[in-house]
Amino acid sequence: MATSLFSDIEYLKGVGKARGEKYRKLGITSPYELIYHIPRNYLDFRAYVPILQAETGSYNVLKLTVTGKNFPQKIKGGLIICNASATDGISQINITFFNNVYAFNALKTGETYYMYGKVSGNIIRRDISSPVYIKADESVLIQPIYKLTQGLSANMIRINMRQALEIMKIYPFETLPSDIMQKYQLMPLTDALKNIHFPLSNINAENARRRLAFDELLKLQLGMLMLKVKQKKSTSFCMDKNIDINDFLNALPFRLTDGQTAAVYEIIADLCKKTPMNRLLQGDVGSGKTAVAAAVCCFAVKNGFQAAVMTPTEILAMQHYKTFTQFLEPLGIKTELLTGSSTSKKRKQIIQELTDGKINVLIGTHAIIQNDVEYKSLALVITDEQHRFGVSQRAALAGKGDCPHRLVMSATPIPRTLALNIYGDLDISSIRQLPNGRSPVKTYAVTGKKREGAFGFVRARLDEGRQAYIVCPMIEDSESDLFAVKTYAESAKKSFLKGYTVALLHGKMKSSEKDSVMERFSNGEIQVLICTTVVEVGVDVPNAAVMIIENAERFGLSQLHQLRGRVGRGKYESSCILITDSKNNECIQRMKIISSTTDGFKIAEEDLKLRGPGDFFGNAQHGLPPLKIADAVCSMELSGMARECAEILLADDPALDKPEHHALKMDTLKLFNKDITG
């Protein structure tokens with residue numbers, strides 16, 4: 001029998017070897033880990049209804065006394081059906097269990113229970129199927145619902161959880177000093193762990209979750225701040241502020257905006273420090289982050305060092321390579337491209353020239369961080385579309401040099417408070433204005449009834465010599481009503497786009513095929529690109545002046561803004577037409593917002609309000625350690641408190657070496673896989 005929270009889970013009473021293996025599948029190896037298996041929801045057995053008021057076809061809570069039990073019956077296929085009868089004192093109901101003799105046998109005739117299950121039938125006969133139940137004399141009527149695995153029932157976990165909490169009562173623990181708990185009005189940790197599992201009220205459950213969420217957010221912020229300190233050690237690449245880049249600036253075919261210029265000199269100031277830069281450059285779609293990146297690469301090369309730029313896709317890598325080459329090669333700065341599609345011969349040549357220092361700037365995908373890729377003097381590493389990379393990937397690129405300076409770029413503008421939570425280890429620069437001569441993209445949200453008119457508008461632009469995008473949410477047809485690019489393209493070629501050159505682009509195509517299509521579209525050989533969101537990032541075709549987005553309800557505000565940013569990149573007036581038949585209130589609100597503003601920062605704020613921060617990045621990876629209880633961005637107020645608390649704790653104890661901070665340090669190291677020390 002387990003006598004410690006850190007004993008093997010199988011020694012907990014009633015667990016044993018077999019059930020211990022089931023727990024291990026859930027990542028639970030000890031009673032301590034079990035008490036941190038937080039309920040995903042609760043069943044409130046207090047809200048019961050009489051049988052006749054139960055809504056058929058729905059889940060209800062009933063208070064029932066068992067009046068009789070039938071023998072379990074085996075039917076065809078080996079299914080075991082168990083039936084019992086019960087009453088609420090007025091009406092009768094039948095209880096059915098399928099293949100759960102254990103739950104059926106635990107019911108006692110004459111006993112009263114609260115039962116939660118799906119009620120079916122009519123006014124004459126009612127049934128409740130496979131109910132979850134507790135005895136009516138149970139003191140805790142709010143019961144936890146846990147993530148399960150085959151062979152572990154909710155009731156088994158509840159029984160084992162009570163045993164683990166009893167051990168915790170003997171060996172209570174706390175990770176926060178009492179003054180911190182008082183300052184932020186936090187429940188003691190052992191009380192929180194007891195109440196998160198078996199709360200006596202909704203308020204108790206909320207307060208428990210708040211304490212545990214605060215703990216996770218605090219560890220996240222401690223880790224971020226400790227990473228920041230770790231990254232502030234000295235670098236071998238302290239650059240000379242007296243080296244100017246006027247020849248680069250004067251050779252540009254345009255003048256940098258005030259926002260771009262400010263960003264360039266903020267970054268240069270960091271490059272001239274003895275500690276490595278760790279900065280986020282965020283800017284709206286088309287704000288000119290690439291020109292800023294090229295400028296600071298030029299500065300690094302003029303200081304005698306190398307720079308590397310990593311992008312999430314080959315299309316974006318190719319785009320950057322063309323731009324950087326155009327800006328830098330006239331100045332004698334050699335730029336190269338390395339992706340997964342590079343030939344073996346080309347790859348060997350690039351690796352050799354990198355090692356020799358003949359290549360000044362390398363641009364590419366994950367290919368540039370492979371083990372055999374070595375640099376002579378890598379001083380500046382840049383990752384574009386930062387939220388698509390994990391912490392480990394950007395660290396792998398930085399690991400190619402001796403404490404190089406790091407710049408991460410994102411075209412997904414986010415509010416500053418949210419940026420601090422997601423990128424707490426970074427300093428932040430923002431470009432809020434568009435380059436001169438860029439006209440805002442006119443945006444219209446229409447229903448499918450106006451689709452023909454939209455098609456006519458596209459043809460008129462094509463006849464003027466412009467190009468167009470049509471974006472669909474799916475690649476292939478499914479049972480849903482969503483448009484798929486493959487069938488859409490086939491249909492369009494025979495109907496409204498007959499006589500125009502049309503091509504298809506989607507994520508399942510080979511890289512070489514995608515690159516070929518994009519090159520032909522960029523060269524003007526293709527007039528209309530029918531595509532998925534693969535074009536969301538980085539494609540720059542100044543002649544593209546119109547975009548149609550089908551099933552616009554399928555996209556969040558920030559993604560619609562990203563997609564829209566593919567047009568309006570040249571001198572021509574550009575338009576984006578969003579087509580949706582959705583009558584959902586949130587969708588209608590999104591369409592109003594996206595049609596009324598082209599300010600990415602404002603759109604990000606509205607997106608945050610509408611969708612909630614937990615959904616803000618969609619499926620994109622933002623590189624944070626996994627959190628079980630708190631969403632890193634779900635509670636801005638709680639996140640702010642956690643950051644303030646982390647700063648207070650580290651100001652007093654920078655390495656968390658004091659005995660009272662030991663548990664907090666261990667948990668923080670575990671969350672960050674020990675990346676924050678050393």
Side-chain angles (χ1 to χ4, degrees), residues 14 19 22 37 39-163 195-205:
R19 196 185 293 181
K22 308 291 184 191
H37 187 58
R40 54 187 175 84
N41 213 330
Y42 299 93
L43 272 178
D44 191 345
F45 287 100
R46 298 172 302 176
Y48 64 91
V49 295
I51 292 171
L52 288 178
Q53 288 182 26
E55 190 179 336
T56 56
S58 298
Y59 286 84
N60 298 263
V61 176
L62 308 176
K63 188 177 183 181
L64 303 172
T65 302
V66 178
T67 55
K69 295 173 71 176
N70 299 330
F71 285 109
Q73 289 184 316
K74 246 185 190 181
I75 62 170
K76 195 174 178 182
L79 183 68
I80 300 173
I81 295 181
C82 306
N83 286 296
S85 55
T87 180
D88 63 358
I90 299 171
S91 309
Q92 302 293 316
I93 194 166
N94 183 60
I95 306 166
T96 305
F97 291 95
F98 300 95
N99 271 0
N100 195 345
V101 179
Y102 175 85
F104 176 73
N105 287 341
L107 284 180
K108 305 297 178 191
T109 302
E111 289 270 6
T112 303
Y113 301 89
Y114 292 104
M115 294 192 177
Y116 172 81
K118 193 173 187 178
V119 175
S120 58
N122 50 45
I123 201 161
I124 298 168
R125 177 188 164 89
R126 294 279 173 103
D127 295 90
I128 185 167
S129 299
S130 303
V132 176
Y133 63 84
I134 60 171
K135 288 184 179 180
D137 60 3
E138 168 69 57
S139 59
V140 179
L141 296 183
I142 302 173
Q143 290 287 314
I145 300 173
Y146 296 104
K147 180 184 176 183
L148 303 174
T149 190
Q150 193 169 7
L152 269 182
S153 70
N155 204 42
M156 288 175 187
I157 293 183
R158 288 190 197 110
I159 291 167
N160 295 148
M161 191 66 73
R162 287 189 184 281
Q163 293 164 348
N195 279 280
I196 199 73
H197 294 291
F198 302 106
L200 294 174
S201 69
N202 292 336
I203 290 174
N204 280 19

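Around the NZ atom of K118, the shell of radius 6.0 Å holds no more than 12 heavy atoms that belong to other residues, nucleotides or ligands. Sparse packing is recorded around CD1 of I203, with 12 or fewer heavy atoms of other residues, nucleotides or ligands lying under 6.0 Å away. In this structure, F198 places its CZ atom where more than 12 heavy-atom neighbours from other residues, nucleotides or ligands lie under 6.0 Å away.
Of the possible donor and acceptor atoms, none in the side chain of N204 sits under 3.5 Å from a partner among the backbone N and O of N195. Of the possible donor and acceptor atoms, none in the side chain of R126 sits under 3.5 Å from a partner among the backbone N and O of S91. With hydrogens and angles disregarded, no donor-acceptor distance shorter than 3.5 Å links the side chain of R158 to the backbone of Q143. A donor-acceptor contact shorter than 3.5 Å is absent between the side chain of N70 and the backbone of A84. No donor-acceptor distance shorter than 3.5 angstrom exists from the side chain of K135 to the backbone of E111, with no hydrogens or angles considered. Without hydrogens or angle criteria, T67 side chain to S85 main chain gives a donor-acceptor distance under 3.5 Å.
The closest side-chain heavy-atom distance from Y133 to L107 is below 4.5 Å. By the 4.5 Å heavy-atom criterion applied to side chains, T96 and I81 are counted as neighbours. The shortest distance between side-chain heavy atoms of M161 and Y146 falls below 4.5 Å. Looking at N100 and S130, their side chains never come closer than 4.5 Å, going by heavy atoms from C-beta outward. Between V119 and L62 the shortest side-chain heavy-atom distance falls below 4.5 Å. Side-chain contact check for T149 versus K22: some heavy-atom pair is nearer than 4.5 Å. Using a 4.5 Å heavy-atom cutoff, the side chains of N160 and R19 are in contact. At a threshold of 4.5 Å between non-hydrogen side-chain atoms, the residues L200 and V140 count as touching.
Residues Y42 and P144 share a closest heavy-atom pair of CD2-CA, 3.9 Å. In terms of heavy-atom proximity, A136 sits nearest to K63 at CB-CE, 4.2 Å. Of all heavy-atom pairs between R46 and I142, the closest is NH2-CD1, 3.5 Å. Shown here for V61 and A47, the closest heavy-atom pair between the two residues is CB-O, 3.8 Å. Contact between I80 and P72 at its shortest, heavy atoms only, is CG2-CB, 4.0 Å. Of all heavy-atom pairs spanning K108 and V66, the tightest one is O-CB, 3.6 Å.
With sequence neighbours excluded, no residue forms a salt bridge (charged side-chain N to carboxylate O under 4.0 Å, His left out) with R40. Y116 is linked by a ring pair (Phe, Tyr, Trp, His ring centres under 6.0 Å) to Y59, counting only residues two or more places apart in sequence or in another chain.
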Please assess N60 against E55 for the test side chain to side chain contact (heavy atoms under 4.5 Å, CB included), listing each intermediate value before the final yes or no.
CA-CA 7 Å; N60 298 263; E55 190 179 336; 4.2 Å; yes

Would you check, one step at a time, whether the test side chain to side chain contact (heavy atoms under 4.5 Å, CB included) holds for N155 with V132?
CA-CA 9 Å; N155 204 42; V132 176; over 6 Å; no

Candidate pair I157 and L148, rule side chain to side chain contact (heavy atoms under 4.5 Å, CB included), full reasoning:
CA-CA 9 Å; I157 293 183; L148 303 174; 3.5 Å; yes

Test log, rule side chain to side chain contact (heavy atoms under 4.5 Å, CB included), inputs L43 and I145
CA-CA 7 Å; L43 272 178; I145 300 173; 3.8 Å; yes

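With rounding to the nearest 0.5 angstrom, the OG atom of S120 is 8.0 Å from the CD1 atom of I93. Atom CG of N83 sits about 13.5 Å away from atom CZ of F71, to the nearest 0.5 Å. The CD1 atom of I128 sits 9.0 Å away from the CD1 atom of I51 when rounded to the nearest 0.5 Å. Within the model, atoms CD1 of I196 and NE2 of H37 stand 12.5 Å from one another, a figure rounded to the nearest 0.5 Å. The distance from the CG atom of D137 to the OG1 atom of T112 is 9.0 Å, given to the nearest 0.5 Å. A distance of 5.5 Å separates NZ of K69 from CG of N105, quoted to the nearest 0.5 Å.
With P131 as the partner, the side-chain contact (heavy atoms from CB on, under 4.5 Å) test is satisfied by one option alone out of Y113, F97, Y114: F97.
Counting only N and O atoms by type, the side chains of T65 and T87 include no donor and acceptor under 3.5 Å apart.
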